[in-house]
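Structure first, commentary second.
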Amino acid sequence: MSAPPEPGRAQTAAGDGTNGLAAPDRRGSPPPPLAGLAAEVAQAFAADGAIARSDPGFAPREVQDRLAQGIARAIEERSALVAEAGTGVGKTFAYLVPLLLSGRRALVSTATKSLQDQLYLRDLPRLAQALKLPLRSALLKGRASYLCRHRLTQARETAQLPDRFAMRALARIEAWAQGTRSGDLAEIEGLDDRSPVIPLVTSTRENCLGSDCPEFRACHVMQARREAMAADLVVVNHHLFFADMALRDSGVAELLPMVDAAVFDEAHQLVETGVQFLGRLLGTGQLADFGRDLLAVGLAQARGLQPWNELKAGIEFAARELRLACAGALREPRGLIKLRWEERAEQLGEPLAALNEALAAATRALAAMAGAGPDFGRLEERARELGERAAAFVEPAAEGRVRWIDLSPQQARLVESPLDIREMLSEQRALQPRCWVFTSATLGDDERLSWFTAATGLEDATTLRVGSPFDYPAHARLWTPPRFPKPNEPGHPAAVGALAARLAAALGGRCFVLTTTLRVLPLVAEALRAEAGRIGHEFQILVQGNEPRRALLQRFGDGRRSVLVGSQSFWEGIDMPGDALQCVLIDKLPFPPPNDPLVEARVRQLRAQGRDPFNEFFVAEAAISLKQGAGRLIRTESDRGLLVVCDPRLRAMGYGRRLRAALPPMTPLDTEEQALAWLTELARAH
């Protein structure tokens with residue numbers, strides 16, 4: 001999710017609920033006067049405070065003040081706070097101001113590298129200047145974000161690049177490498193994150209030579225870690241945090257004991273991110289990387305001394321057979337598919353055994369070259385580790401863990417994972433007293449924020465909910481078509497596409513259609529295109545998968561008549577303020593897929609505890625996802641728009657009331673005529 005709009009801009013409505021925190025006595029007695037850090041924070045956010053003096057457009061927000069006060073209290077008490085803050089609260093400044101004024105060392109983790117850059121490059125310098133505070137801050141990313149000078153040299157000498165675009169990318173990186181100080185590849189404008197060159201010029205935990213590397217003294221990764229250790233405030237991301245907790249690779253594990261406060265923004269992504277890293281993984285992509293490095297080092301440093309080409313071919317063949325066994329009849333999956341372990345387990349024994357043999361042969365060859373240089377010793381360790389992982393997947397899964405297979409067009413991954421992050425986070429919290437803050441716009445649909453706290457072991461934390469300051473009743477409408485095909489009926493995708501065309505015609509484009517599965521994307525897009533032609537309207541129809549996500553969003557936001565059809569990656573992290581986006585259609589209620597291996601395991605766990613999986617898991621998950629999708633619509637205090645949920649169950653079923661209550665308080669509409677009239681009004685004002 002994108003960062004909130006400008007801090008402290010004037011808003012209209014107040015928030016809701018102060019569960020777990022002191023609130024003004026409603027019988028009329030004034031609240032106790034603020035003291036200490038809370039008083040400093042209140043003064044910073046005051047109408048005549050430091051932020052207002054640095055930003056003429058600033059105006060205090062009651063909801064932002066309450067969130068900042070709650071975080072200040074958690075910092076002083078070294079306690080845990082779980083805080084849900086609606087869109088427009090300004091939560092970024094609400095946690096940064098108390099952290100900076102406290103003078104304590106802090107770690108801030110957010111969801112993506114782009115949000116890291118925004119915090120580090122924009123928000124922190126701006127606030128430090130406004131508050132007139134000296135600040136030593138540092139940005140710490142994973143290895144794949146930093147240039148490895150040693151591997152750049154190898155790539156220059158031995159890399160087999162697939163096309164001229166990759167050759168140009170390598171040349172650009174070489175030129176940039178001469179002058180960069182940080183080594184952060186994000187400095188290279190226009191470098192595609194998916195470029196095949198990036199794995200060739202960056203290191204991983206597996207292939208890093210550590211202190212044996214000839215470029216160790218100039219290593220950008222080590223430089224970033226040293227700066228982080230010396231900083232007052234360090235900005236990381238969730239992937240890096242959990243990867244380091246599992247592998248002790250990035251420096252976060254050494255950094256965490258040194259900080260007094262840890263803040264996790266976009267905390268709703270923590271559990272999903274955590275389970276990816278806290279388990280065991282074996283991927284055919286890892287095997288391909290190992291085979292490529294094996295050949296490159298072998299030919300460069302020991303040509304003719306071992307059968308490097310044959311060893312690489314053996315590993316590639318075993319990896320290919322493993323992927324085929326994982327895929328079964330699914331030769332060309334669309335997107336990422338999760339497969340039950342039980343569906344493929346019997347077919348995996350033979351390819352895993354063959355993989356072990358290929359890795360054992362590589363291990364023997366590398367052991368024979370142990371004295372030839374540090375690269376061979378590190379490659380031998382990688383071969384042994386990969387062999388141990390392959391052997392582990394032949395054995396039954398550990399107690400309390402679930403296995404599945406991730407299958408994509410590029411690779412297959414065998415995964416074994418815990419069901420949540422309770423144990424890991426509880427262990428970290430028990431090590432020493434410090435402040436822990438977890439905040440997001442969507443953390444639950446009850447006062448205790450149980451959706452989040454139960455999966456993280458934070459039931460004992462203070463909880464706080466502050467609603468959005470936006471005037472949703474005046475600016476937003478919610479419509480659920482009453483007579484509409486049910487989601488399980490064959491005509492549902494076509495009906496969604498046709499309705500989207502009619503609404504986009506009234507608005508002049510500027511619509512998102514969000515689907516819960518990739519499967520229906522082409523069906524919805526085809527129906528949208530056909531209906532637009534039938535009613536005589538032309539739109540630029542942008543469909544996920546046809547272009548990179550960033551390119552689609554740029555084309556959508558260029559002001560032309562566009563409708564974007566996207567699935568899960570477009571439900572959050574999109575910020576289209578103003579009138580660029582004024583209608584969001586959601587095809588159906590976003591319940592988790594019941595056949596997903598993780599979902600099945602959580603259902604079994606809840607049933608074993610005598611709990612109701614539907615209400616406690618399925619409805620709770622749907623409420624969170626629905627709030628995320630709806631959050632694309634209203635991004636500033638002046639935005640106006642229409643949210644359409646094309647699922648009759650939101651009206652007809654008992655749980656629909658709970659899901660509607662999870663959404664912002666938009667004014668409901670009853671008919672398509674009312675919806676079209678509202679969009680026509682918005683179009684006139686455009």
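The figures that follow rest on heavy atoms only: side chains count, while hydrogens, waters and symmetry mates do not.
- With sequence neighbours excluded, no residue forms a salt bridge (Lys or Arg N to Asp or Glu O under 4.0 Å) with Asp596.
- Contact of the Arg172 side chain with the Ile188 side chain is registered, since non-hydrogen atoms from C-beta on lie closer than 4.5 Å.
- Summarising the local packing, CD of Glu547 is surrounded by more than 12 heavy atoms from other residues, nucleotides or ligands at distances under 6.0 Å.
- Side-chain contact between Val513 and Val496: present, with at least one pair of heavy atoms (C-beta onward) separated by less than 4.5 Å.
- In terms of heavy-atom proximity, Pro493 sits nearest to Val524 at O-CG2, 3.6 Å.
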Start with the C-alpha gap between Leu107 and Phe241, add the side-chain angles, then the distance that decides, and say whether side chain to side chain contact (heavy atoms under 4.5 Å, CB included) holds. CA-CA 10 Å; Leu107 176 80; Phe241 178 82; 4.3 Å; yes
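- Inter-residue side-chain proximity for Leu552 and Phe570 is flagged as met; some heavy-atom pair is nearer than 4.5 Å.
- Applying the side chain to side chain contact (heavy atoms under 4.5 Å, CB included) test between Gln411 and each of Leu287, Leu322, Thr284 identifies Thr284 as the sole match.
- Inter-residue side-chain proximity for Arg607 and Val603 is flagged as met; some heavy-atom pair is nearer than 4.5 Å.
- The only option from Lys627, Glu572, His268 that meets the side-chain hydrogen bond (donor to acceptor under 3.5 Å, both in side chains) definition with Ser440 turns out to be His268.
- Salt bridge status for Arg205 with Glu385: present, with a side-chain N to carboxylate O gap under 4.0 Å.
- More than 12 heavy atoms of other shown residues, nucleotides or ligands fall within 6.0 angstrom of atom CD in Gln605.
- The number of heavy atoms from other shown groups lying within 6.0 Å of CD (Glu423) does not exceed 12.
- Scanning for ring-ring contact (aromatic ring centres under 6.0 Å, His included) contacts around His150 gives an empty result, with sequence neighbours left out.
- Here the shortest heavy-atom pairing between Leu294 and Ala362 reads CD2-CB, 4.4 Å.
- Each of Gln118, Glu266, Gln269 was scored for a side chain to side chain contact (heavy atoms under 4.5 Å, CB included) with Thr110, with one residue passing: Glu266.
- Checked against the 6.0 Å centroid criterion, the rings of His239 and Phe277 qualify as a close aromatic pair.
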Side chain to side chain contact (heavy atoms under 4.5 Å, CB included) assessment of Leu147 paired with Ile173: CA-CA 9 Å; Leu147 173 72; Ile173 292 171; 4.0 Å; yes
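- Of all heavy-atom pairs spanning Ala155 and Val201, the tightest one is CB-CG1, 4.3 Å.
- Side-chain atoms of Arg344 do not come within 3.5 Å of backbone N or O of Arg340 as any donor-acceptor pair.
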Can you list the steps and then say if Trp176 with Leu185 is a side chain to side chain contact (heavy atoms under 4.5 Å, CB included)? CA-CA 9 Å; Trp176 161 81; Leu185 292 169; 3.6 Å; yes
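- Residue Arg149 is tested with Glu215, Gln154, His220 for a side-chain hydrogen bond (donor to acceptor under 3.5 Å, both in side chains); the sole match is His220.
- By the 4.0 Å N-to-carboxylate-O rule, Arg384 lies too far from Glu388 to be salt-bridged with it.
- A salt bridge is absent between Arg632 and Asp575: the closest approach of a Lys/Arg side-chain nitrogen to an acidic carboxylate oxygen does not fall below 4.0 angstrom.
- The side-chain heavy atoms of Leu414 and Leu352, taken from C-beta on, include a pair separated by under 4.5 Å.
- For Glu381, the CD atom is densely surrounded, since the number of other residues' heavy atoms within 6.0 Å is greater than 12.
- Here the side chains of Cys208 and Arg143 are in contact, with some heavy-atom distance below 4.5 Å.
- Take Phe393 and apply the ring-ring contact (aromatic ring centres under 6.0 Å, His included) test, not counting sequence neighbours, and it matches Trp341.
- Looking only at atom types and distance, the side chain of Gln276 has no donor-acceptor partner in the side chain of Ser417 under 3.5 Å away.
- With respect to Lys312 and Glu316, a salt bridge is recorded, a charged nitrogen being found less than 4.0 Å from a carboxylate O.
- At a cut-off of 3.5 Å, with distance as the only test, a side-chain donor of Asn207 or Thr204 sits close to an acceptor on the other residue.
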List the steps, then state whether salt bridge (charged side-chain N to carboxylate O under 4.0 Å, His left out) holds for Glu206 with Arg382. CA-CA 6 Å; Glu206 289 82 6; Arg382 287 172 67 185; 5.6 Å; no
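- Contact annotation: the side chain of Val236 never approaches that of Leu139 to less than 4.5 Å [non-hydrogen atoms, C-beta and beyond].
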Given the rule in the side chain to side chain donor-acceptor pair (under 3.5 Å) test, do Thr442 and Gln628 qualify, once you have shown the distances and angles that lead to the verdict? CA-CA 7 Å; Thr442 49; Gln628 285 290 340; 2.4 Å; yes
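- Evaluated for a side chain to side chain contact (heavy atoms under 4.5 Å, CB included) with Pro592, the options Glu621, Arg602, Glu600 yield exactly one hit, Glu621.
- Within a 6.0 Å sphere centred on CD of Gln609, other residues, nucleotides and ligands contribute more than 12 heavy atoms.
- Heavy-atom neighbours of Arg550 CZ from other residues, nucleotides or ligands within 6.0 Å: at or below the threshold of 12.
- When only modelled atom types and interatomic distance are considered, Thr273 and His238 share no side-chain donor-acceptor pair under 3.5 Å.
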Would you please test Phe438 and Phe264 for ring pair (Phe, Tyr, Trp, His ring centres under 6.0 Å) and show each step? CA-CA 5 Å; Phe438 305 86; Phe264 295 86; 5.2 Å; yes
Could you walk me through whether Asp406 and Lys338 pass the side chain to side chain contact (heavy atoms under 4.5 Å, CB included) check? CA-CA 5 Å; Asp406 281 339; Lys338 275 189 170 69; 3.3 Å; yes
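- Side-chain contact annotation: Gln301 with Asp375, donor-acceptor N/O pair under 3.5 Å present.
- Using a 4.5 Å heavy-atom cutoff, the side chains of Leu443 and Ile624 are not in contact.
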